[in-house]
S.K.: 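My questions will all concern the structure given below.
Basis for what follows: all heavy atoms, side chains included, without hydrogens, waters or symmetry-related copies. This chain uses plain numbering: 1 for the first residue, then up along the sequence.
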Amino acid sequence: MSTDLLGSLNPPQRQAVLHGDGPLLVLAGAGSGKTRVITHRIAHLVRERGVPVHQVLAITFTNKAAGEMRDRIAELIGPDAKGLWASTFHSACARILRMEHQAAGYDRSFSIYDDADQQRIMREILKDEGIDPKRLTPRAVLGRISAAKNELQHPRDLAEQAVDEPDRGMARLYQRYQDRLMANQAMDFDDLLMVTVEMLRRDPVVRERWQRRFRHVLVDEYQDTNHAQYWLVRILAEPDRNVMVVGDDDQGIYSWRGADIRNILEFKADYPDAVIIPLEQNYRSTSTILHAANAVVRNNRGRHPKRLFTDRAGGEVVTVVDCADEHDEARMVVRQITRAVAEGRSLDQVAVFYRTHAQSRVIEDQLVRSGIGYQVLGGPRFYERAEVKDLMSYLRVVANPADREAFTRAAGSPKRGLGPAALAKVSQAAEAHGTSMDAVARDPEMVPGLNVAQRDALQAMGALIDRLRDMDASGSPPDRVMERAIEDSGLREALLADGPAEAGLGRLDNLQELVGVAAEYTARAEEPSLAGFLEEVALVSAVDEADDDAGRVTLMTVHNAKGLEYDVVMVTGLEEGLFPHMRSIDDPDGLEEERRLCYVALTRARERLVLSHAGSRALRGNRMYAIPSRFIDEIPDEALGREPVDDVRTIGSGVAGAGSPIAVAPYGVGDAVVHESFGEGVITGVQQKGRLIQVRFDDKERVLMADMAPMRKVAG
């Protein structure tokens, strides 16, 4: 084999690339070069083993990662890479469903609904059901439906499992929601997975066709897969079982999204003959940072044993900063940023992490006062802006006449005299005649109860959609169709007339940016089409939209930090009840995920890692007093350093400062105690030098703060 495939690989990486047939699990620790292994494995299959590139399916979780994978493979195998399927789960399923739409029971032009579309439908369903949306929000119902779809459960499954009326009501809402989606010939993101899996299960001809098509299936970030994704991989990988999954159980942090850590932990049980190769050499962080991260995560029981190492010996100790409160912590953040800049680092190589979004406000205020530029990763996204969604709704109607949600939004933006009541009549007429809303728009006489102005506006709307559809049918690129839509719909005039001139121009700039996105798509795509552009936009993820501005510090929750790396990382709010979060302290599985989250935070740092905790913090309108997180206590002393206390840190009368030793009650294992709320119990463990105690009560085992719990020992 040529050295350009193997020469840059370490021995375990080379072993994974050269693996023969059969199942393979690559346990890729943080910063261990997993993308290199996947891309070189694909290049090896194509170049050395003669596997046709179109028989390889590579799946990852973001469009950005998929694009990078395609680019790297193209560098290794050249023009042959054009036929490779390297995409997200949702993109791959959408592509399969377009080709197998009849077997799936959909039109080829089905729409893909985003969060706002789903909420609009559910809001209407709740209204029809007479349910107060303040008591049961659309988002809450959709979250329950999403969880069911991730588990491949239908409305009938929820109905069969229902134990009370609320459960039966949820099943009914789910059924009505699915009926609306089907009537609109639309799917949500979860449907893309569920419909594909069930089609493959149900139809042996389709299943065998795609199993023959993909002789090798490679999956990145396997620890983040849910139940539906698990089955998609299982089905496609049969019967050859040439499945390679790459992931790190120590970085499984998305159970709240439906990810199931058991998928990677039990891979060997699913494939008893699987080869397991750990990648433990880290190419990102110093050995001191890795020493700290390894020490924390090894306290988890549910993991494959591995230990990261690096050739980068030494490095700065991990700095722990004892802060008086959140304002003191924010000033510490500014000090660390100033230090980094003074050392010659750019702001884009500095990141501040926090456990919850609410923590960012004080830090942002301090950065503004200090004149430090920053970006918040995970904030409002481009495609969620109202004017962008308005324009997209026109394009969706052009591509899919059955999409009533899109027609309703387009007809109401800009205002043209067709309010909700009038559009409801149009929808009712379309349903009564068994046709689409834009077909009704061509013949407004079909709609009873409209006045002359409304009929004229509706007819003009129908004519506009027809003109745009004619442009698309004649081969006009998506950006040209969009430009015509902006002009002929009245969107331009409406934006310029709505509010201050600067605001209107800014919103118009957003539409021009969208036109630019479409033009880039046209230049890049092999066969550009409006439907293809809409599908690409629908599949864009939040992480794909991160701002790469080199002049800003990045602020984000630790969940958003996955996959990123910075020279300097500050992890703030490391306090019991915050990180680990209070919801997880009494839940062993939840606590292990919090520890994995901490591990992810620590391993984002290349050169310097700063951990901070506050003696008190304002949360949800109350000032809370806290002790340092157990995760700090799990880091070996030789890896830690303390920032000198340079000011007075007294918190209220009679309360110890954050840097002061905390007096705790002399509890010991086996002591009998009585708690004001939980009753009698027995101490089963003592942590953090007596600051935390584990107590078994009648109902459950709890972890309590020794100096704050309303509890006393019972004399023996």
S.K.: Keeping Gln15 on the side-chain end and Ile277 on the backbone end, is there a donor-acceptor pair under 3.5 Å?
M.R.: no
S.K.: So, Arg469 and Asp472, do they make that salt bridge, N to O below 4.0 Å?
M.R.: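 Looking at Arg469 and Asp472, the cut-off is not met.
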S.K.: In this structure, are over 12 heavy atoms from other groups packed under 6.0 Å from Arg234 atom CZ?
M.R.: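 Check passes, neighbour count above 12.
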S.K.: Checking Tyr283 against Asn10: is there a side-chain donor and acceptor pair closer than 3.5 Å?
M.R.: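 Judged by distance alone, the side chains do pair up.
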S.K.: Got a salt bridge between Lys34 and Asp248, using NZ or NE/NH1/NH2 to carboxylate O under 4.0 Å?
M.R.: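 Judged by the 4.0 Å cut-off on N to carboxylate O distance, Lys34 and Asp248 do not form a salt bridge.
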S.K.: Have His40 and Gln13 got a donor and an acceptor in their side chains that come within less than 3.5 Å?
M.R.: no
S.K.: What are the two closest heavy atoms between His304 and Leu265, and how far apart are they?
M.R.: NE2-CA, 3.8 Å
S.K.: Which atoms form the tightest heavy-atom contact between Asp273 and Lys268, and what is the distance?
M.R.: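 In terms of heavy atoms, the two residues are closest at C-NZ, 4.3 Å.
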S.K.: For the residue pair Gln223 / Glu221, report whether a side-chain donor-acceptor contact shorter than 3.5 Å exists.
M.R.: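 Looking only at side-chain atoms, Gln223 and Glu221 do form a donor-acceptor pair, the distance falling under 3.5 Å.
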S.K.: Please check if the side chain of Asn226 supplies one atom and the backbone of Arg257 the other of a donor-acceptor pair under 3.5 Å.
M.R.: no
S.K.: Evaluate the side-chain proximity of Val26 to Met244: yes if any heavy-atom separation is below 4.5 Å, no if none is.
M.R.: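 Yes, side chains in contact.
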S.K.: Tell me, with the steps shown, if His19 and Val275 meet side-chain contact (heavy atoms from CB on, under 4.5 Å).
M.R.: CA-CA 9 Å; His19 172 73; Val275 173; 3.7 Å; yes
S.K.: Could you pull out all donor-acceptor pairs under 3.5 Å where a side-chain atom in residues 70-77 meets a protein atom, sequence neighbours excluded?
M.R.:
{"from": "Arg70", "atom 1": "NH1", "to": "Ala86", "atom 2": "O", "distance (Å)": "2.4"}

S.K.: Val219 and Phe89: side-chain contact (heavy atoms from CB on, under 4.5 Å), yes or no, with the steps?
M.R.: CA-CA 9 Å; Val219 185; Phe89 275 100; 3.8 Å; yes
S.K.: Please work out which of the three classes, parallel, tilted or perpendicular, describes the rings of Tyr521 and Phe533, given edges at 30° and 60°.
M.R.: tilted
S.K.: Working to the nearest 0.5 angstrom, can you tell me the gap between Thr557 OG1 and Lys562 NZ?
M.R.: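 Result: 12.5 Å between the selected atoms.
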S.K.: Decide if atom CZ of Arg202 counts as having more than 12 heavy atoms of other residues, nucleotides or ligands within a radius under 6.0 Å.
M.R.: yes
S.K.: Go through Tyr177 and Gln118 one step at a time and tell me if the side-chain contact (heavy atoms from CB on, under 4.5 Å) criterion holds.
M.R.: CA-CA 9 Å; Tyr177 172 72; Gln118 297 170 53; 3.2 Å; yes
S.K.: Could you tell me whether the side chains of Asp438 and Ser436 share a donor-acceptor contact shorter than 3.5 Å?
M.R.: yes
S.K.: Could you check whether Arg596 makes a cation-pi contact with Tyr254, meaning its NZ or CZ is under 6.0 Å from the centre of the six-membered ring and within 45° of the ring axis?
M.R.: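 Checked: cation-pi criterion not met.
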S.K.: For the residue pair Trp85 and Trp210, categorise the inter-ring angle as parallel (less than 30°), tilted (30 to 60°) or perpendicular (more than 60°).
M.R.: tilted
S.K.: Can you find a pair of side-chain heavy atoms, one from Tyr174 and one from Lys149, that are under 4.5 Å apart?
M.R.: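 Result yes, sub-4.5 Å side-chain heavy-atom pair found.
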S.K.: With side-chain contact (heavy atoms from CB on, under 4.5 Å) as the criterion, how do Trp231 and Leu200 come out once you've worked through the C-alpha distance, each side chain's angles and the decisive distance to 0.1 Å?
M.R.: CA-CA 10 Å; Trp231 275 109; Leu200 293 173; over 6 Å; no
S.K.: Less than 4.5 Å apart, any side-chain heavy atom of Asp114 and any of Phe189?
M.R.: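 In short, these two side chains do not touch, never coming nearer than 4.5 Å.
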S.K.: Do the side chains of Glu594 and Arg355 get close enough for a salt bridge, i.e. N-O under 4.0 angstrom?
M.R.: yes
S.K.: Grab the two heavy atoms, one from Val569 and one from Ala601, that are nearest each other, plus how far apart they are.
M.R.: CG1-O, 4.1 Å
S.K.: For the residue pair Asn300 and Tyr599, confirm or rule out a side-chain donor-acceptor distance under 3.5 Å.
M.R.: no
S.K.: Counting N and O atoms only, with roles assigned by atom type, does the side chain of Ser146 sit under 3.5 Å from a partner on the main chain of Leu142, one being a donor and the other an acceptor?
M.R.: no
S.K.: Do we see a donor-acceptor contact under 3.5 Å between the side chains of Arg95 and Ser87?
M.R.: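 No.
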S.K.: Would you check if the side chain of Gln55 reaches a backbone N or O of Pro52 as a donor-acceptor pair within less than 3.5 Å?
M.R.: no
S.K.: Minimum heavy-atom separation for Ile42 and Ala58, please, with both atom names.
M.R.: CD1-CB, 3.8 Å
S.K.: With distance as the sole test, does Arg241 use its side chain to make a donor-acceptor pair with the main-chain N or O of Gly22 at under 3.5 Å?
M.R.: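 No, Arg241 side chain to Gly22 backbone: no donor-acceptor pair under 3.5 Å.
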S.K.: Answer yes or no: is there a donor N or O on one side and an acceptor on the other, between the side chain of Asp403 and the main chain of Arg396, under 3.5 Å?
M.R.: no
S.K.: Name the residue from Val246, Asp270, Ile264 that meets the side-chain contact (heavy atoms from CB on, under 4.5 Å) definition with Leu25.
M.R.: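 So the option named by the test is Ile264.
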S.K.: In this structure, which one of Leu468, Val481, Leu530 forms a side-chain contact (heavy atoms from CB on, under 4.5 Å) with Ser476?
M.R.: Val481
S.K.: Please examine the side chains of Met187 and Leu181, heavy atoms only from C-beta on, and report whether any two atoms are closer than 4.5 Å.
M.R.: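 The answer is no; the side chains never approach within 4.5 Å.
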S.K.: Which heavy atom of Ile59 sits nearest to which heavy atom of Thr88, and what is that distance?
M.R.: CG2-C, 3.9 Å
S.K.: Does NZ or CZ of Arg98 come closer than 6.0 Å to the centre of the six-membered ring of Phe110, within 45° of the ring's axis?
M.R.: yes
S.K.: Would you call the rings of Tyr566 and Phe353 parallel, tilted or perpendicular, where under 30° means parallel and over 60° means perpendicular?
M.R.: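 Rings of Tyr566 and Phe353: perpendicular, as their planes differ by over 60°.
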S.K.: Judged by atom type as modelled, is there a donor-acceptor pair below 3.5 Å linking the side chain of Arg303 to the main-chain atoms of Asp249?
M.R.: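 A pair under 3.5 Å: no.
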S.K.: Heavy atoms only: give me the nearest Arg201-Ile235 pair and the separation to one decimal.
M.R.: CG-CD1, 3.7 Å
S.K.: Within the structure provided, determine whether Thr554 and Gln375 are in side-chain contact (heavy-atom separation under 4.5 Å).
M.R.: yes
S.K.: Strictly distance-based, threshold 3.5 Å: is any side-chain N or O of Ser413 a donor or acceptor partner for the main-chain N or O of Ala410?
M.R.: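 Checked: no pair found.
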S.K.: For the pair Arg180 (side chain) and Met122 (backbone), establish whether a donor and an acceptor sit closer than 3.5 Å, ignoring hydrogens and angles.
M.R.: no
S.K.: Would you call Glu280 and Lys306 a salt bridge, using N to O less than 4.0 angstrom?
M.R.: no
S.K.: Does Arg284 use its side chain to pair, donor to acceptor, with the backbone of Thr603 at less than 3.5 Å?
M.R.: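 Yes, Arg284 side chain to Thr603 backbone: donor-acceptor pair under 3.5 Å.
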S.K.: I need the His216 NE2 to Leu45 CG distance, nearest 0.5 Å.
M.R.: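 One gets 5.0 Å once the value is rounded to the nearest 0.5 Å.
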S.K.: Does atom CZ of Arg209 have more than 12 heavy-atom neighbours, drawn from other residues, nucleotides or ligands, at distances under 6.0 Å?
M.R.: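 Enclosed: over 12 neighbouring heavy atoms sit under 6.0 Å from CZ of Arg209.
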S.K.: State, yes or no, whether a side-chain contact exists between Tyr230 and Leu152 at a heavy-atom distance under 4.5 Å.
M.R.: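 Of all side-chain heavy-atom pairs linking Leu152 with Tyr230, none is under 4.5 Å.
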S.K.: Any side-chain heavy-atom pair from Glu100 and Asp203 closer than 4.5 angstrom?
M.R.: no
S.K.: Asp157 versus Glu151: any side-chain heavy-atom pair under 4.5 Å?
M.R.: no
S.K.: Distance check, rounded to the nearest 0.5 Å: Leu511 atom CG versus Glu387 atom CD?
M.R.: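 Between atom CG of Leu511 and atom CD of Glu387 there are 6.0 Å.
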